[in-house]
Amino acid sequence: MSQTPDSAVRPYIEQHRAAFLDDLAEWLRIPSVSAQPDHAPDVRRSADWLAAKLKETGFPTTEVWATPGAPAVFAEWPSDDPEAPTILVYGHHDVQPAAREDGWDSEPFEPVVRDGRLYARGAADDKGQVFFHTLGVRAHLATTGRTTPAVHLKLLIEGEEESGSPNFRALVEEHAERLAADAVIVSDTGMWSEDTPTVCTGMRGLAECEIRLYGPDQDIHSGSFGGAVPNPATAAARLVAALHDEHARVAIPGFYDGIVELTDRERELFAELPFDEQQWLRTAKSYATQGEAGHTTLERVWARPTAEVNGIGGGYQGPGSKTIIPSSAMLKLSFRLVAGQDPDHVEKAVRAWADAQVPAGIRCEITFGGATRPCLTPLDHPALQSLVRAMGRAFEGPVRFTREGGSGPAADLQDVLGAPVLFLGISVPSDGWHAPNEKVELALLLKGVETTAYLWGDLAANWRHEP
């Protein structure tokens, strides 16, 4: 179980750098836009291309898995060490729509290198971050003399992440036995900045609903009936007003049940990050911070649950006035969830809360969409410690810790497979995910390669599989 020597891996990467980037550019030329039906053949071509390239890399098993939507790619390379841990790497090969007229300086599916940056749709999100694993495992093998990875290595590369992963959970459930792993590594995330390497330790979950409130069977005259019958628009406003207490805590009874609170150590680690709140506000196009009392801005967006009003409507919206009591009103709400919260429990709590708030004479209908569970890996988990060490060797410095305020399909892997989720990403905020001129910093992309070259040996040496 040889450790990859630092003195050998960088020359190996440099020797194979040009061929690696040529291959990546070839993949980036495939416009695998999952959201656009016209590109369905391209998404399939992207999956076939990756499966063939993983076979060329050395994976003895590579398969394209069909779904009712776009295909995913599975690959497996067992270790010759039966006691080695099993690691599943997740990423996605589909990309966001892109066109030159959106504001790109070059064709989005014709990769170009300028000033040490590779520009193309998918360069950072997520083809570049998937592809660094191919050169990483080759460097691991070449510089340790191994013929198989030090861990049992699996890859699952999704084809519908940019379309909301509608078939992902079912795919994982269908193939749960083959996807079984001791830990999952997600390479679809980023770092704090170029000079502050970070590891994400968790993502928030998501539950969302639409509430429709019905009063009179039709709009009625506010002079004849106002003040004497319930108004659904007023009921909607009162629901919004009742959503939080005076400390900006969510006021739904039972909402915080089971929550895993931040530890003092985690709060200290967040505070170590070079966070500029005024710059953050400029990025947010906002003018003041606000949120749950007793928590910093980073804590609020990474580690605290939220309830947000995404939309509200009802009654007359045209010019001038129309003195009515509207027949209906609606709200769209979303709830970001943190570790320990159960989406099913939150749904029940929201329904009970709304029923208790709505007055007699108002009919309330609540529709919940699909939920995403939160995921969190403890700081002392041995796999996380291996990842931090590997990244620290690659970047030659300390590695900080973050969380992700958004939500994603990684939680389905944790939920179905029962494995902790780790995040290995080298993208930085300036890479412009989903925006024109998306790019990846080539120096950081190669640091991702180097991190994985070190990671597999460190995991095998420090975290043995327990049957």
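For the single chain, residues carry numbers from 1 onward in sequence order. Values reported hereafter were calculated over all heavy atoms of this structure, with side chains retained and with hydrogens, waters and symmetry mates removed. Everything numeric here is computed off the predicted structure, so don't read it as measured data.
No option in H39, K127, E162 other than K127 meets the side-chain contact (heavy atoms from CB on, under 4.5 Å) test with S32.
Residues T61 and K154 bring no donor and acceptor atom of their side chains to less than 3.5 Å of each other. There is no side-chain donor-acceptor pair under 3.5 Å between N462 and S386. A side-chain N or O of T263 and one of E266 form a donor-acceptor pair less than 3.5 Å apart. Using modelled atom types, one finds no donor on one side chain facing an acceptor on the other under 3.5 Å when comparing H247 with D245.
A salt bridge does not link D355 with R351: none of the charged nitrogens is closer than 4.0 Å to a carboxylate oxygen. Of the charged side-chain nitrogens involved, at least one lies within less than 4.0 Å of a carboxylate oxygen, so that E438 and R121 count as a salt-bridged pair. The existence of a salt bridge linking R304 and E261 is confirmed by a sub-4.0 Å separation between a basic side-chain nitrogen and an acidic carboxylate oxygen. The existence of a salt bridge linking R373 and D412 is excluded, since no basic side-chain nitrogen approaches an acidic carboxylate oxygen closer than 4.0 Å.
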Does the salt bridge (charged side-chain N to carboxylate O under 4.0 Å, His left out) test come out yes or no for D42 and R45, once each step is laid out?
-> CA-CA 5 Å; D42 294 314; R45 186 158 58 99; 3.0 Å; yes
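To the nearest 0.5 Å, atom CG of residue L269 and atom OG1 of residue T402 are 11.0 Å apart. Note that the CH2 atom of W302 and the SG atom of C200 stand 8.0 Å from one another [nearest 0.5 Å]. Once rounded to the nearest 0.5 Å, the distance linking OG1 of T377 with CZ of F401 reads 11.0 Å. Note that the CZ atom of F168 and the CD atom of E158 stand 5.0 Å from one another [nearest 0.5 Å].
Between L179 and F74 the shortest side-chain heavy-atom distance falls below 4.5 Å.
Taking the six-membered ring for Trp and the full ring otherwise, W27 and H93 have centroids separated by 6.0 Å or more.
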